[in-house]
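Structure first, commentary second.
We name chains A, B, ... by the order of the sequence lines, and we start the count at 1 in each one.
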Number of protein chains: 2
Amino acid sequence: MSAEMKEEAIHLLLVDDQEIILDGLTSMLRRFEGQVHISGRAKDAVDAVKFLEDNRVDIVLSDIRLKNGSGIDLCREVASRHPEIAVVMLTVYDDEQYLYQALRSGAKGFLLKQIGAAELVEQLMRVRDGDIVVDPHLAGRVALSAARLHSGEFWPGAHLGLTQRESEVLDLVTKGHSNKAIAAKLFLGEETVKTHLSSIYRKLGVRDRTSAVALAMREAIFR
Amino acid sequence: MSAEMKEEAIHLLLVDDQEIILDGLTSMLRRFEGQVHISGRAKDAVDAVKFLEDNRVDIVLSDIRLKNGSGIDLCREVASRHPEIAVVMLTVYDDEQYLYQALRSGAKGFLLKQIGAAELVEQLMRVRDGDIVVDPHLAGRVALSAARLHSGEFWPGAHLGLTQRESEVLDLVTKGHSNKAIAAKLFLGEETVKTHLSSIYRKLGVRDRTSAVALAMREAIFR
DNA sequence: CAAAGCGTCCCTCATAAGTGGGATTCCACC
DNA sequence: GGTGGAATCCCACTTATGAGGGACGCTTTG
C-alpha cells in the first residue's frame, strides 16, 4: 500500500460526448485522488488531441463512439503523435470485434462501462505500468476464441453446425459472389461449391441462397 | 422563478445497471437540488419495483437495457401497478423504434443520455406537469417521419430512389420469397416482378437478388 | 479395421433468375 | 397537350441455381 502511495497520480484525459459519463467518471474517480488525477475532459477526438498538445496526460480514457471521428481514430492519432501516451477505450459495446479493432489501432486497454470504480483504477495502474488490459468480462470470451482459433476449431457459423469450408462458401455468397466466382476464389470446381451450398441450405433449413444470406446477416454470422 | 421555487422538488428514482451513469446523474442533478430530489437508485427492474413499494417517487428515470428485464418491461410494470408514477426512458439508443416501443408501453418521456443537465431538469418538470416529452434530437426526425407517413410519401428504401412498389418487392425478396411467390402475394404477373427487380438492381448498383438482400439488410432497410 | 464425416469432383435435369426488347395505362407536371 | 415516370404485362433468350444422384481419397474415431 505505502509503496503505491509513493508513486505519482496518473494524469487522465476523459473523452466522451456524453456529459453524464464525464460527470460519472469524475465522481467515481474522486474517491481515488491519490492514484488518479483528472487533467481534463474532452467531448470529441479533435478537442482531445488539442488538449494533449500542452497538458500532461498519461492515459486517455475514451469512448469508442464520439461526435467527430471515432475513438479508434483517436487511438491512431495519439499512437502516432504521442506514442508515450496510452489510450484506453471505455465503452458499453461488449463486442469482440470492437476490441480487436481498438487493439489493432494501438489502444492499451479495453474496458466496459459497467466496470466498478476500484477495478477501473486498478486497471489504469496496470496500464501505467506498461500492461495491456482487457475487461474481465470480455477476457474470458476472448481467451476462448483465441484458443479455438489456435486449434483451428472455430469459425463463424460453427455454432450452426457449418463446417469451416461451408462457412467460407457462405461468407462469399453473402458478399454477393456467384457460384463460379466462389469456385475461382477458393480454387474449387463449381460443382463442389454447389455441393457445399446444398449442405448449407440443409443445415440452415432454407431453400436458396437468398434466404441463407438473410439468415446469415440477421444472425450476424457474416456482414 | 419564484413560482417554481414554491413547488416541491420532484422525487426521482434512477435506474441503470451502470454505476457510472448513476454517479453521473447524481452529480449532474446535485446542481438542481431545489427542483429535483433523488429518492433512490436501482440497478435493475426488480429492485426498482421493490423500491416503489414503500418510497415516494414521482418519476422513474430508467435506461432501456437493464440486467433483469428491459426498461420497457419496467414501464409496463409501473404503468399497471403505480399509474400515478411516470417513467421516463433515458438511453443512448437514438432509435425511433425504441421510442415508439417505449411510448406504447406507457413511458411518459424518452430522452437521450447526451442531454445536458439543465435541459434534463426542464424536461422532468414538464413530465411532472403531465406532458409527454421526447428528446429534441429525436423530435425533429419523428415529426418528419410522421408527416411523411401522413402524406403517404414515405416508405423504406425511398432514400435510395426506390419506388413504393419496388420497396414492397425488395421486402419480399429479403424475406426469401421467389419471384413467383412475390407475384402471387402482390397479385402481379411474374414478369412484372422481374421488371421491378431489374430496376431495383440498377438503382442499388447490384447484379442479383443476393447482393440486393445483403445490401438491404446491411443498410437496415428491411429485416 | 470399419464407419462416419469431410472435401473434392462429376453428371443430368428442371426450373429460377435476369436481360433486353416492346407495349399499355394512368397520373402529375410543365 | 406533350413529356416522363410509375406500374403493369408480354415474349424470347441466356445463364445461374439447386436437387439428386454417384465416386474417390482422407482423417478421425469407435
Check whether [X] reaches the backbone of [Y] with its side chain - one donor and one acceptor, N or O, closer than 3.5 Å.
X         : Y         : result
Thr174(B) : Leu170(B) : yes
Gln35(B)  : Phe32(B)  : no
Asp73(A)  : Ser70(A)  : yes
Tyr201(A) : Arg209(A) : yes
Asp135(A) : Leu112(A) : yes
Asp208(A) : Ser211(A) : yes
Asp131(B) : Val133(B) : no

Under 4.0 Å from OP1 or OP2 of [N]: is there any side-chain N or O of [X] that close?
X         : N       : answer
His196(A) : dC6(C)  : no
Asn179(B) : dA16(C) : no
Arg165(A) : dG7(C)  : no
Lys194(B) : dT19(C) : no

How many whole angstroms separate atom [atom1] of [X] from atom [atom2] of [N]?
X         : N       : atom1 : atom2 : value
Glu191(B) : dG22(C) : CD    : C1'   : 13 Å
Leu197(A) : dC9(C)  : CG    : P     : 14 Å
Glu190(A) : dT12(C) : CD    : C1'   : 15 Å
Ile182(B) : dA16(C) : CD1   : C1'   : 12 Å
Leu186(A) : dT8(C)  : CG    : P     : 8 Å
Gln164(B) : dC27(C) : CD    : P     : 16 Å
Ile200(A) : dC6(C)  : CD1   : C1'   : 13 Å
Asp208(B) : dA16(C) : CG    : P     : 17 Å

Difference in axis direction between the ends of the helix from dC1(C)-dG30(D) to dC30(C)-dG1(D), five pairs, 10°: 50°
Scan Thr192(A) against the nucleic acid and name what it touches under 4.0 Å (heavy atoms): base, sugar-phosphate only, or nothing. base
Which comes earlier along DNA chain D counting from the 5' end, the contact point of Thr195(A) or that of Lys180(A), where each point is its nearest nucleotide?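 On the 5' side of the pair lies Lys180(A).
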Bounds of contact between DNA chain D and chain B, in 5' to 3' order, using a heavy-atom cut-off under 4.0 Å: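 Counting from the 5' end, contacts occupy dA6(D) to dC10(D).
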How many angstroms lie between atom CG of Leu22(B) and atom CZ of Arg41(B), to the nearest 0.5 angstrom? 5.0 Å
Within the supplied structure, the quantity of interest is the number of heavy atoms (other residues, nucleotides, ligands) at a distance under 6.0 Å from Lys185(A) NZ; does it exceed 12?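 It does not: Lys185(A) NZ has 12 such atoms or fewer within range.
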